[in-house]
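For reference, the structure discussed in these notes is given below.
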Amino acid sequence: MPVARPETSDSRIIAHVDMDCFYVQVEQRKQPHLRGQPTAVVQYNSWKGGGLIAVGYEARKDGVKRSMRGDEAKKVCPKIQLVQVPVARGKADLTIYRNAGSEVVSILARKGRCERASIDEVYLDLTDAAETMLKETPLENLENIDEEVLKSHVLGLSLNENDEKEIVREWLTRRDADHRDKLLACGAIIVAQLRMQVLRETEFTCSAGIAHNKMLAKLASGMNKPAQQTIVTSASVKGLLEPLPIKKMKQLGGKLGSSLQTDLGVNTVGDLLQFSEEKLQDIYGSNTGTWLWNIARGISGDEVEGRLLPKSHGSGKTFPGVQALKSLAAVEKWLKELCEELSERLQIDLETNKRVAHTLTLHANAYKSTDTDSHKKFPSKSCPLRYGAGKILEDSVNLFQAGLREFLGSYMSPVGGGWGITGLSVTASKIVAIPSGTSSITKYFHGQDRFHTSSEPSDEKFAPKDDNLSPSRTESHSASHLTECDGERTPMTHDTFTFDQHETACKDEATESCLTSQHHEPQPRVPNTNDGKRTYEQKRKATKEKGTSSILRFFQTNSCSSSSQETKCLSTGAQEALGMESEILTESQNKVRTNSWRYNVDEIDQSVVEELPPELQEELRTWLRPQKQAKPSTVKRGSSIAHYFSPNKNEHTNLKKS
DNA sequence: ACGGGTGCCACG
DNA sequence: TCGTGGCAC
């Protein structure tokens, strides 16, 4: 899995930003009375109190650990607040966390190439920003270094904890520092600003690592949590890695790491140094071998991908033990729930990001009661994805049946029982951007209503619109509209967020307070929500904070802000969005929706396509990808494009509206 | 066969 | 290309 990538004496400035116990923070923002209390997020609390999926720092202090059940957590920490993950369609629904993650990404993406690594982690390539800063403002001249920057942990810098900030200040402004260290210092300043900006606009704290590559940045972001940042200087790398247990390295937490320990006696990253690249390659293959050899030396050439949006969407659920699904009807029932969720998310992605998914995959876990071993795995199956919950369901059911037949073999009857499904998921992948507003197709369709063969009033469906989303708090609160910058989108829309704006390192106190006051009403209640964090802080003997804008100070003065920004209104006109089926919209999608243009793939039928000028047909094909038919056996449909475009008749599934 | 729900990547 | 397996949070 790990793949080797060479590296050229790396002077990039890479940051890894990691949200602190993210789901807990999301819930605490939603319910501010939870702030400062030991809190954990659980899902499905009926069985042993539910499984913990996030634990706040106050609760961690009491010994609560992820992967306890709710009951155990209560035992260890009786006053713990257990918040349930929202449930929709009978399953956990992570939408609010995804959207919260998008809020964060939209802020972090302002300063450089940004890669959404997971729902709560982001990589940033700040090389350009750091170089620019260094050119324009020599560090030695920096007067007001922000408090938050001074709280950085600089690996290898000092052993005691006295005068930490002055030591950091000296390091940051050292005249004789080498160029790479100066760039790191600039990176740290930028990251501190970004983290404060995230806090101001989202109320979320995060931790960060700043280093010369992704691996080291990731390592560092976890070293001082919560709400702190850690800098990895080149000089510190050897000392950092040498004693580091191998399992701490990303990718080595599983079987590969175990193999290194048991097969090679490698317990720390330093132990790896004894092995030649060839030796490692012999054992683990050339890619993994080289990768191991490199990471032992702190080398990792992985680039930060400019990707703000997920590459796939999935919806799944497990049915452990007695809950296992034992009939096709039960499977269909749950597939319907899963497909409806997936479809809704695809709609939103289409409308807010103008992307379409091309592949539908069904995964299942199953057992056969008739055999103890020979656990054949239930095979995944995929097919071209057609939009609309009903069609996704139809295809999913077919994929499932194909998988089931294969799973059972020809001996067992699919209806006879003797099998159980313990997990089901549907995933949409191969998501590509469709030509945006300026594209010829859009223009062509716009005002060409003779092409609208369906009876639906389709006029507005093809009205492209520039979305002028401002990055303001309330806007960004509403979910995942992010402008991708990796060029996958054909003509790139002009940036939604302004880049940079000569915002030099330390000077904008004014901007800050301005932002703060503008986005936050004076907070009622809960004077000091962050006792836990402060304790943490006290531990490191923080000297007084005279600084003006540190994150710590935010807590002291701003405690918590209302979650009043929940949007409530839902434009019903939005319902016909992609035309095909009515789907419920969550509040968060509502806003962007009014700004989005609509595209009803299924209203374009074959004859329409054939009428298009050849070059447009070609263009269409590039994103509507000819499909071989979705159907495993039984049903066979017409030619791919025709099928893809054909108006859908069997769309009777009524989606429930709640 | 309880760490659930997701999401990413590499390999064959 | 598709399907599997591994890893992570």
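Reminder, nothing fancy here: chain letters follow the sequence lines and each chain counts from 1.
Between L52(A) and A117(A), the residue anchored nearer the 5' end of DNA chain B, judged by the nucleotide with its closest heavy atom, is L52(A).
Taking atom P on both dC9(C) and dA1(B), the two are 26 Å apart, rounded to the nearest angstrom. When the C1' atom is compared between dC2(C) and dG4(B), the two are found 26 Å apart, to the nearest whole Å. The gap from the C1' atom of dC9(B) to that of dT1(C) amounts to 16 Å, rounded to the nearest Å.
Y23(A) has its OH atom 11 Å from the P atom of dG5(B), to the nearest Å. In this entry the distance linking CG of L252(A) with P of dC9(C) reads 12 Å, nearest Å. dT6(B) atom P lies 14 Å from atom CD1 of I431(A), rounded to whole Å. Rounded to whole Å, atom P of dA8(C) lies 13 Å from atom CG of L219(A). We find that CG of D71(A) is positioned 15 Å from C1' of dG3(B), with the value rounded to whole Å. E337(A) has its CD atom 14 Å from the P atom of dG5(B), to the nearest Å. Between the CG atom of N45(A) and the P atom of dG3(B) there is a distance of 17 Å, given to the nearest Å. Atom pair K65(A):NZ and dC9(C):P shows a separation of 17 Å (rounding to whole Å applied).
Taking every side-chain heavy atom of R69(A) into account, dG3(B) is the closest of dG3(C), dG3(B), dG7(B). In this structure, the nucleotide among dC8(B), dG3(C), dC7(C) sitting nearest to the side chain of Q251(A) is dC7(C). Nearest nucleotide to the side chain of K317(A), out of dC11(B), dG4(B), dG5(B): dG5(B). Set against dC8(B), dG3(C), dA1(B), the side chain of P310(A) has dC8(B) as its closest nucleotide. Among dA1(B), dG5(B), dG3(C), the nucleotide with an atom closest to any side-chain atom of Y44(A) is dG5(B). Between dC7(C), dC11(B), dA8(C), one nucleotide has an atom nearer to the side chain of L256(A) than all others, and that is dC7(C).
Looking at R345(A) and E341(A), a side-chain N of the basic residue comes within less than 4.0 Å of a carboxylate O on the acidic one, giving a salt bridge. Taking a cutoff of 4.0 Å between a charged side-chain nitrogen and a carboxylate oxygen, D10(A) and R12(A) qualify as a salt bridge. The existence of a salt bridge linking E27(A) and K30(A) is confirmed by a sub-4.0 Å separation between a basic side-chain nitrogen and an acidic carboxylate oxygen. Taking the charged nitrogens against the carboxylate oxygens, E337(A) and K317(A) have no contact shorter than 4.0 Å, which rules out a salt bridge.
Two rings, from F22(A) and Y97(A), have their centers 6.0 Å or more apart. If you look at Y284(A) and W291(A), their ring centroids are not closer than 6.0 Å.
Judged by the 6.0 Å and 45° rule, K377(A) forms no cation-pi pair with F407(A).
Across all strands shown, S118(A) has no heavy atoms under 4.0 Å from either base or sugar-phosphate atoms. Residue-level contact check: I119(A) touches neither bases nor backbone, having no heavy atom under 4.0 Å from any strand. Here P320(A) lies in heavy-atom contact (under 4.0 Å) with a base. Looking at heavy-atom distances under 4.0 Å, E341(A) makes contact with sugar-phosphate atoms alone, never a base. D120(A) comes within contact range of the sugar-phosphate backbone alone, with a heavy-atom separation under 4.0 Å but no base atom that close. Within the nucleic acid shown, K218(A) comes within 4.0 Å of sugar-phosphate atoms alone, with no base atom in reach, counting heavy atoms only. Residue S315(A) is classed as a sugar-phosphate contact, given heavy-atom separations below 4.0 Å to backbone atoms only. When heavy atoms are screened at a 4.0 angstrom cut-off, G254(A) is found touching the sugar-phosphate backbone but no base atom. Looking at heavy-atom distances under 4.0 Å, K430(A) makes contact with sugar-phosphate atoms alone, never a base. Looking at heavy-atom distances under 4.0 Å, K48(A) makes no contact with the nucleic acid at all. As judged by a 4.0 angstrom heavy-atom cut-off over every strand, L94(A) is placed among residues touching the sugar-phosphate backbone only. The residue F22(A) sits apart from the nucleic acid: no heavy atom pair falls under 4.0 Å.
In this model, the phosphate group of dG3(B) is not approached by any side-chain N or O of R66(A) to a distance below 4.0 Å at OP1 or OP2. Residue T318(A) places at least one side-chain N or O closer than 4.0 Å to OP1 or OP2 of dG5(B). Taking side-chain N and O atoms only, S312(A) has a distance below 4.0 Å to OP1 or OP2 of dC8(B). Contact annotation: K247(A) side-chain N/O to dC7(C) OP1/OP2 distance is not under 4.0 Å. Taking only side-chain nitrogens and oxygens, Y97(A) never comes nearer than 4.0 Å to OP1 or OP2 of dT6(B). Regarding contacts with the backbone of dG7(B), a side-chain N or O of R345(A) is found under 4.0 angstrom from either OP1 or OP2. Look at R98(A) and you'll find a side-chain N or O under 4.0 angstrom from OP1 or OP2 of dG7(B). Contact annotation: K255(A) side-chain N/O to dG6(C) OP1/OP2 distance is under 4.0 Å. In this structure, N365(A) does not reach the dA1(B) phosphate: none of its side-chain N or O atoms is under 4.0 Å from OP1 or OP2.
Side chains of N365(A) and T422(A): a donor-acceptor N/O pair is absent below 3.5 angstrom, by distance only.
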